[in-house]
A.B. asks: 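Mind looking over this structure? Questions follow.
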Amino acid sequence: MIKLSGRLNGLEESVTLAITAKSRALKAEGRDIIGFGAGEPDFDTPENIKEAAIRAIKEGHTKYTAVSGINELKDAIIEKFQRDNKLKYSRDEVIVSCGGKHSIYNLLQAVLDPGDEVIIPAPYWVSYPAMIILAGGEPRVVHTTEASGFKMSREAFVGHITARTKAVIINSPSNPTGAAYTETELKGLAEEALKKGVLIISDEIYEKLAYDGFRSTSIASVSEEVKQRSVILNGVSKTYSMTGWRIGYAAGPKSIVKAMTNIQSQSTSNPASISQWAAVEAISGPQDMVATMVKEFEKRRNAMVEGLNAIKGVQCLRPQGAFYVFANISGVLGGLVKGHPIKGSVDMANYLLDTAGVAVVPGEPFGDDRFIRLSYATSLKNVTEGLRRIKAAIEGLR
Ligand SMILES: *Cc1c(COP(=O)(O)O)cnc(C)c1O
């Protein structure tokens, strides 16, 4: 056996992908499975974006591009920041990568030294701790509860800052909770970060997927000083249903963007040229598809929240963004199934998949084992039927 790198210490396959694989296998066996596991919109990529990609191929945009992205896309991104966030960036403050995940990975590689701590509010996106560890850093988890709407308070943030704190990752709206920070809350966190010299990493990939009229604020827009201490991450995957195209981007101080570009130049080089041209169309073309998608997501969210809260022992908040709910199942844990207790979220996810034919994601890898994550990136019909099955399975537990 070849010994693997010590850097991989404890690194596991993403559980979200594992449960998707299991439900896919059951489907292939002919089982009728309803999937609440999806981490991507169920809508097709809009036609105008596909056309732009086809045009790019026909026009010969099929070669290496500049490592950090074509100027046309950088300019579209700069324009977007100006339009949506009142933020001014120049080309050398923007880098395009192979997905938002890749942007975060490059960033952490660029700024972390061994022993550096990165504060992450839990529940967190599963990839943050893994990427921090891969970059030699240490995740410092700040637990949040439903009482604070799953948001990290200013006090909790301050309480976790040490001499080794290098950065904080804020993800608003959040995967997995859908929680979204208000401008006032962001201001409070930003002030503390400035005082203590902590780099703000803001993952704004769900910026546009917000409900009840909520409008996301970019933390960098709080002040010029905050902007100088922040790196904003975004991408086209979630907003434009383009997860397979692999285009994400980051904006921040020149020196950090330059370091990220060097890392990218020695690893992946530029993101796919064709996808970059498609992203130009996505970001600067007509935006009405986004509004249509948001309206549909909001209807499904309402059905999901009402349906879950109607199940005895299950509780869930009404999230303001993204396309997930994070449901508290602690009231039904400890129930017996054929003599086996359902001890935590992984048992529950397996139970629901095996007996109800519904795929959900356990909360454990997101930092809280008393919860399950359900995605409503699936039809309203599936939401209704899936909830009916979950109710029957859970209320039959004890
Ligand atoms: C989906 C997601 C991303 C990035 O996805 P990409 O497809 O790599 O652009 C980043 N952060 C969070 C929290 C996500 O859920």
Side-chain angles (χ1 to χ4, degrees), residues 14-17 19-20 36-43 45 49 69 73 77 80 94-109 118 120-132 134 139 141 144 150-152 167-181 200-210 216 218-219 231-251 260 264 267-268 271-272 275-276 278-279 282-283 290 293 297 319-326 361 363 365-367 373-377:
S14 146
V15 176
T16 6
L17 298 179
I19 199 99
T20 312
F36 290 153
E40 59 184 348
D42 53 316
F43 303 97
T45 302
I49 299 174
L73 179 52
I77 291 166
K80 175 251 170 284
V94 171
I95 172 173
V96 184
S97 299
C98 313
K101 191 182 258 182
H102 186 216
S103 302
I104 304 169
Y105 183 88
N106 283 343
L107 171 60
L108 293 169
Q109 292 289 331
V118 181
I120 45 174
Y124 44 71
W125 186 39
V126 288
S127 294
Y128 297 145
M131 290 196 284
I132 293 166
L134 272 177
V141 174
T144 71
F150 290 121
K151 290 185 270 192
M152 175 174 68
V168 56
I169 304 184
I170 302 190
N171 174 214
S172 173
S174 148
N175 175 4
T177 65
Y181 287 77
I200 300 166
I201 299 175
S202 183
D203 182 349
E204 302 178 3
I205 197 99
Y206 293 103
E207 177 190 25
K208 298 286 182 190
L209 306 185
S216 301
S218 176
I219 194 165
V231 179
I232 307 303
L233 303 149
N234 209 323
V236 297
S237 282
K238 309 291 161 63
T239 311
Y240 304 102
S241 238
M242 291 177 71
T243 46
W245 299 73
R246 311 310 303 131
I247 296 290
Y249 55 87
M260 290 168 71
Q264 188 156 298
S267 50
T268 57
S275 297
Q276 288 190 63
I283 295 171
V290 181
M293 193 163 80
F297 274 143
Q320 269 180 309
F323 39 71
Y324 315 98
V325 297
F326 207 53
V361 183
F366 298 95
R373 189 192 76 173
L374 300 94
S375 156
Y376 47 89

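The residues of the chain are indexed from 1 along the displayed sequence. Because the structure is a prediction, the values reported are computed rather than measured. We count ligands from 1, going down the list as the structure has it; atoms in each ligand are counted the same way. The basis for the numbers below is simple: all heavy atoms, side chains too, and nothing from hydrogens, waters or symmetry mates.
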A.B. asks: Are any non-hydrogen side-chain atoms of Y324 and Y206 less than 4.5 angstrom apart?
C.D. replies: yes

A.B. asks: Is there a donor in the side chain of S218 and an acceptor in the side chain of E207, or the other way round, less than 3.5 Å apart?
C.D. replies: no

A.B. asks: Are L209 and S216 packed together at the side-chain level, in the sense that at least one heavy-atom pair is separated by less than 4.5 angstrom?
C.D. replies: no

A.B. asks: Present, as a list of atom pairs with distances to 0.1 Å, all nitrogen or oxygen contacts under 3.5 Å between ligand 1 and the protein.
C.D. replies:
residue: ligand 1; atom: 7 (O); partner: S237; partner atom: OG; Å: 2.7
residue: ligand 1; atom: 7 (O); partner: R246; partner atom: NH1; Å: 2.7
residue: ligand 1; atom: 8 (O); partner: G100; partner atom: N; Å: 3.1
residue: ligand 1; atom: 8 (O); partner: K101; partner atom: N; Å: 2.9
residue: ligand 1; atom: 8 (O); partner: R246; partner atom: NH2; Å: 2.8
residue: ligand 1; atom: 9 (O); partner: G100; partner atom: N; Å: 2.6
residue: ligand 1; atom: 9 (O); partner: S237; partner atom: OG; Å: 3.2
residue: ligand 1; atom: 11 (N); partner: D203; partner atom: OD2; Å: 2.6
residue: ligand 1; atom: 15 (O); partner: N175; partner atom: ND2; Å: 2.9
residue: ligand 1; atom: 15 (O); partner: Y206; partner atom: OH; Å: 2.7
residue: ligand 1; atom: 15 (O); partner: K238; partner atom: NZ; Å: 3.1

A.B. asks: First locate atom NE2 of H102, then atom CD1 of I247, and finally report the distance between them rounded to the nearest 0.5 Å.
C.D. replies: 11.0 Å

A.B. asks: Do the side-chain N and O atoms of Y181 and K151 include a donor-acceptor pair separated by under 3.5 angstrom?
C.D. replies: no

A.B. asks: Only counting residues at least two apart or in another chain, list the ones meeting salt bridge (Lys or Arg N to Asp or Glu O under 4.0 Å) with K208.
C.D. replies: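 Per chain and number, K208 pairs via salt bridge (Lys or Arg N to Asp or Glu O under 4.0 Å) with D84.
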
